[in-house]
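Counting convention: from 1, in listed order, for ligands and their atoms alike.
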Amino acid sequence: MTISFPDGFLWGTATAAHQVEGGNWNNDWWLFEHTPGSAASEPSGDACDHFWRYPEDIAMLADLGFGAYRFSLEWSRIEPEEGEWSISALDHYRRMIAACRDNGLLPVVTFHHFTTPRWAAADGGWDNPAIVDRFGRFCEHAATHLGAEIGMGCTINEPNVVSLIGYRLGAFPPGVNDRAAYDRVNDNLKAAHRVGYDAIKAGPGDFPLGSCVAMGDWWSPEGSEAMLADFRHMHEGQHLDAARGDDYIGVQAYSRTRLTEQGKPLGSEEGVETLDMGYEYWPQALEVSIRHAAEVTGCPVYVTENGIGTTDDTQRIRYVTDALAGVRRCLDDGIDVRGYFYWSLMDNFEWAFGYRPQFGLVAVDRKTQARTIKPSATWLGGIARNNRLD
Ligand code: GCO
């Protein structure tokens with residue numbers, strides 16, 4: 001089976017500051033990790049020491065054959081207290097962007113990837129409407145300092161996960177389970193995306209900008225289609241609607257959500273493998289998500305995250321092969337898919353799951369921080385280099 005991709009198709013991998021940098025003690029996640037009884041299974045600690053090791057990591061990514069690197073800014077480093085700006089932190093991210101450019105990689109910068117500074121979290125976090133202007137001001141400062149060299153931007157990573165897991169399931173900060181708060185937080189996140197989008201667009205540089213929405217496949221028993229559509233709109237659709245008119249929509253898909261007729265979560269289908277993350281092995285999720293995102297938003301699509309947490313690297317290759325076949329089917333139907341970012345460059349801190357799930361193309365020794373390139377990294381890097389899957 002040979003699958004070719006359009007000229008200029010962007011191939012990259014993704015990380016997030018808190019999951020790889022290390023030492024991000026001034027944000028809500030570090031506090032959550034050290035709060036007795038929280039859902040966090042272990043502290044992030046030094047993570048992958050990427051704050052210091054990014055030059056070698058970025059060079060390694062380029063050597064593998066990729067053309068882009070998606071990483072995030074840590075807001076709590078840049079604005080450690082409200083209204084106090086760290087030029088040193090902004091210059092660190094400017095050096096990361098330069099390292100991408102020096103290695104022939106497009107720097108793809110996410111402005112918010114799940115973590116929020118402690119000072120903002122302590123003042124209502126995403127459930128205080130003041131967060132909208134706080135985030136807009138942060139975007140303005142960061143874009144002013146970095147925008148000229150950014151290759152592509154994402155305002156907020158998975159706003160629907162920030163709201164769902166943080167304010168409905170209670171497994172992310174602030175560990176709340178309150179439907180009214182969940183709805184308010186979604187409204188604040190949608191407003192923040194708009195304000196952040198405009199602030200970044202007003203700054204230097206001219207690069208594609210969008211938001212990256214967590215999506216997937218959905219299933220519920222025959223006859224409950226209306227309930228399922230409501231759920232899908234609440235989780236995905238409202239944020240896709242908020243992205244209409246953006247330069248692109250970032251699709252992030254991993255698996256499937258199964259619900260009972262009453263909308264209660266169902267486990268894996270009989271005979272479908274359950275992964276370390278507790279969800280199904282379901283590579284079909286990507287094609288379903290691309291089609292839905294393109295239909296709802298009308299925007300060009302980048303797959304800004306797709307991957308699998310597994311210790312079986314051959315399973316990783318199978319999963320990505322099947323996911324990319326779905327991307328090809330979308331392209332064959334005329335859907336404007338412009339790139340694919342594998343999550344993640346390296347095994348890292350998987351939020352409440354800690355370091356157990358291994359999403360990386362590159363392994364990281366938790367004691368020595370030594371990087372070990374997995375066969376899947378060489379395989380996917382070859383696809384990136386050739387723009388073709390043989
Ligand atoms: C997300 C986040 C990533 C996760 C990845 C694997 O999509 O939840 O962007 O930080 O690590 O998705 O779960």
Asks: Pull out every atom of ligand 1 sitting under 4.0 Å from any heavy atom of N157, numbered as shown with elements.
Replies: 2 (C), 9 (O)
Asks: Does a salt bridge link R118 with E82, judged by any charged N lying under 4.0 Å from a carboxylate O?
Replies: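 Between E82 and R118 there is no salt bridge, as every charged N stays at least 4.0 Å from the carboxylate O atoms.
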Asks: Is the cationic atom of R77 (NZ for Lys, CZ for Arg) positioned less than 6.0 Å from the six-membered ring centroid of F51 and within 45 degrees of its normal?
Replies: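 Yes, R77 lies over the aromatic ring of F51.
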Asks: Centroid-to-centroid, Y342 to Y340, below 6.0 Å?
Replies: no
Asks: Looking only at protein heavy atoms, which one is nearest to atom 9 (O) of ligand 1, and what is the separation?
Replies: E305 OE2, 2.6 Å
Asks: In this structure, which one of W351, W126, F32, F114 forms a side-chain contact (heavy atoms from CB on, under 4.5 Å) with P173?
Replies: F32
Asks: Among all the protein's non-hydrogen atoms, which is closest to atom 7 (O) of ligand 1, and how far away is it?
Replies: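 I find the closest protein heavy atom is E158 OE2, 2.4 Å.
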Asks: What verdict does the side-chain hydrogen bond (donor to acceptor under 3.5 Å, both in side chains) test give for Y319 and T310, after you've listed the backbone C-alpha separation in whole Å, the side-chain angles of each residue and the deciding distance to 0.1 Å?
Replies: CA-CA 10 Å; Y319 177 91; T310 181; over 6 Å; no
Asks: With atom 2 (C) of ligand 1 as the reference point, say which of H113, H18, E350 has the nearest heavy atom.
Replies: H113
Asks: Under a 4.0 angstrom heavy-atom cut-off, which atoms of ligand 1 come close to Q252?
Replies: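 Those atoms are 7 (O), 9 (O).
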Asks: Record the part of N348 in heavy-atom contact with ligand 1 below 4.0 Å; permitted values are side chain, backbone, both and neither.
Replies: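 None of N348 does.
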Asks: Any salt bridge linking K201 with D247? Criterion: basic side-chain nitrogen under 4.0 Å from a carboxylate oxygen.
Replies: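 So K201 pairs with D247 through a salt bridge.
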Asks: In plain terms, say whether R232 and D230 are close enough for a salt bridge, that is, a side-chain N and a carboxylate O under 4.0 Å apart.
Replies: no
Asks: Using a strict cut-off of 4.0 Å, indicate which atoms of ligand 1 neighbour a heavy atom of F114.
Replies: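 So the atoms of ligand 1 that pass are 1 (C), 2 (C), 8 (O).
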Asks: More than 12 foreign heavy atoms under 6.0 Å from CG of D206: is that the case here?
Replies: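 No, the 6.0 Å shell around CG holds no more than 12 heavy atoms from other groups.
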Asks: Could you check whether any heavy atom of V161 sits closer than 4.0 Å to an atom of ligand 1, since that is the contact criterion I want to use?
Replies: no
Asks: Hey, which atoms in ligand 1 end up nearer than 4.0 Å to a heavy atom of M277?
Replies: 13 (O)
Asks: For ligand 1, is there an atom lying under 4.0 Å from some heavy atom of Y254?
Replies: yes
Asks: Going by the atom numbers of ligand 1, which of them fall below 4.0 Å from some non-hydrogen atom of F359?
Replies: 6 (C), 13 (O)
Asks: Atoms of ligand 1 less than 4.0 Å from Q19 heavy atoms?
Replies: 3 (C), 10 (O), 11 (O)
